[in-house]
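Everything below concerns the one structure shown next.
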Protein chains: 2
Amino acid sequence: MAPKQQKTLVDTVFDGIFDLILKGEIPLGGVVNEAVLAERFKVSRGPVREAVKALQGRGLIIKEPYYKARVVDLSLADMVHIFQLREAVEGMSVRLATINMSDQAIDQLLAEFADASEKQQRIVLDVHVRIAEGSGNRRIQSLLCDELYYLLRLYRARSGAQPGRRDTAFSEHWQILRAMKTRDPDLAESLMRSHIGRATEGLHQLLRSESEKAAPVRRQKQVG
Amino acid sequence: MAPKQQKTLVDTVFDGIFDLILKGEIPLGGVVNEAVLAERFKVSRGPVREAVKALQGRGLIIKEPYYKARVVDLSLADMVHIFQLREAVEGMSVRLATINMSDQAIDQLLAEFADASEKQQRIVLDVHVRIAEGSGNRRIQSLLCDELYYLLRLYRARSGAQPGRRDTAFSEHWQILRAMKTRDPDLAESLMRSHIGRATEGLHQLLRSESEKAAPVRRQKQVG
DNA sequence: TCTTGCCGAAGTGTTGACAGTTATACGGGC
DNA sequence: GCCCGTATAACTGTCAACACTTCGGCAAGA
């Protein structure tokens, strides 16, 4: 009973709105107007409503009854919260993958990682996605590869800089994969949590320097 | 800018459908029919669609384009996945609460816990909710108190038995609260993960005994 | 009897109009 | 100029009808 992969207007509009948000055409905190979007995508307001609700369900849009929906602000504090959650879930994800993935699958992941690293390709999100798939836990996969995935993409698109150190990320990923290979779930989880915890700490530093910078002068109102 | 707490038809229908599912009027795996529900709640199909989509977003309903939506099956394997995720997130939740909650708030939680235990009240979900609130992490709170909360409620309503041992749960909660009081985030997290990990293991046992029971004879088709 | 194909019924997806709520603009008074 | 009240415009929530897809029943053929 595998249904055909139908694509409804809601799916198309969802992707379209997410793209507008990614590109900043609807800025962070900006208004999401159903009627305008319906005109833009040449559909009725119904599918737009449903797409907006779906984006709301992924934490990308804030919506209250009768009020104009808004794109989430994605403050640094918000990102700290997301990374704390992600640390816990990615830790469990790699623990389960260490236990559940076959030797062959782990070897293949290691080989692809080594291959991509030689080519200087961006593989950071892919490794996490692959581990989540290997965890065999559909709920964890759904959370990491759906809701948190969109939030991370948005954060990276809007902030430019990655909350992590690109120079050591390769080494940390490698160590995680090695721990998986040796079937040490405790070590794998600990390494993954440290890996993400460092990014969280980096965000914390930004948050602190931001509040110190703001303290001596009047908080500058954002134009948008 | 706190909007009034408006309640739309979608909210009402969401609660109504969830209630039908809780009571088994729509059984696990059962069909969710928009037109029938619209008649039942005396609304148009629009709000029903939106409510169904919202329930889908919480993992309670499975839906593909043009196919009839269905209530999730909530198999034991599914519950194991949910509890594994919950273990990770509740662990991080109590870690953050141990760090972030004020002494006064922790004392109050301890006092309320002791009070409720004398009265033999059901406080299990409340403690977890309170800890999530105390974590100060809105994403964790949202996940534990929204999506996972509904799934847990549904599981308990449909399965009757709690995946846990009521006799030792009090003691385990108490130890967790004590670890919070002494400001030991590592211990608090470890205790919480053990607490939920035991429930997960109980589910695993059920899953194993289920598959052993099914192995020697033809798998009995469920009537529903 | 079993299998396949066709057609109509049952259901889902979308539309445009109406109903209800919030936001904005304008005028009057202080 | 500022504040308040009112009216209207702009928006969100809902409705009923139409468009499109799936499902089930029946008939025909092997």
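In what follows, every chain begins at residue 1, and chains take the letters A, B, ... in the order their sequences are listed.
Between dT21(D), dC11(D), dT14(C), one nucleotide has an atom nearer to the side chain of Lys68(A) than all others, and that is dC11(D).
Going from atom CG of Leu9(A) over to atom P of dT12(C) covers 17 Å, rounded to whole Å. Distance CZ (Phe41(B)) to P (dC15(D)): 13 Å, rounded to an integer number of Å. The interatomic distance linking Arg70(B) (CZ) with dT12(C) (P) rounds to 11 Å, in whole Å. As a whole-Å value, the separation of Tyr66(A) OH from dT12(D) P is 12 Å. Between Asp11(A) atom CG and dG13(C) atom C1' the separation is 11 Å, expressed in whole Å.
Using a 4.5 Å cut-off on side-chain heavy atoms (C-beta onward), His173(A) and His128(A) make contact. Within the 4.5 Å cutoff, the side chain of His204(B) has heavy atoms near those of the Val80(B) side chain.
Enclosure of atom CD in Glu39(A) is not indicated, since only 12 or fewer non-hydrogen atoms of other residues, nucleotides or ligands lie within 6.0 angstrom.
The one candidate from His195(A), Arg198(A), Arg193(A) that meets the side chain to side chain donor-acceptor pair (under 3.5 Å) condition with Glu87(A) is Arg193(A).
Where pairing requires Watson-Crick or G-U contacts shorter than 3.5 Å, the helical stems of DNA chain C with at least three consecutive pairs are C:1-30 with D:1-30.
Distances shown here put every side-chain N or O of Gln6(A) at or beyond 4.0 Å from the OP1 or OP2 atom of dC20(D). Between Ser44(A) and dT15(C), a side-chain N or O to OP1/OP2 separation shorter than 4.0 Å is present.
Going from atom CZ of Arg95(A) over to atom CD1 of Ile131(A) covers 14.0 Å, rounded to the nearest 0.5 Å. Considering CD of Glu133(A) and OG of Ser93(A), their distance stands at 9.5 Å, rounded to 0.5 Å.
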Candidate pair Glu201(B) and Arg208(B), rule salt bridge (charged side-chain N to carboxylate O under 4.0 Å, His left out), full reasoning: CA-CA 10 Å; Glu201(B) 188 50 38; Arg208(B) 259 179 257 127; 3.3 Å; yes
Derivation and outcome, side-chain hydrogen bond (donor to acceptor under 3.5 Å, both in side chains), residues Ser75(A) and Asp78(A): CA-CA 5 Å; Ser75(A) 62; Asp78(A) 210 16; 5.0 Å; no
Working for salt bridge (charged side-chain N to carboxylate O under 4.0 Å, His left out), residues Glu50(A) and Arg45(A): CA-CA 9 Å; Glu50(A) 287 186 26; Arg45(A) 276 180 46 236; over 6 Å; no
Chi angles and distances behind the salt bridge (charged side-chain N to carboxylate O under 4.0 Å, His left out) call for Glu112(B), Arg130(B): CA-CA 11 Å; Glu112(B) 286 172 27; Arg130(B) 291 291 292 282; 2.6 Å; yes
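Residues from residues 45-63 of chain B with heavy atoms under 4.0 angstrom of DNA chain D, sorted by number: Arg45(B), Pro47(B). Residues from residues 31-40 of chain B lying near DNA chain D, meaning a heavy-atom separation below 4.0 Å, are absent.
Under the 6.0 Å cut-off for aromatic ring centres, Phe14(A) and Tyr150(A) qualify, their centroids lying closer than that.
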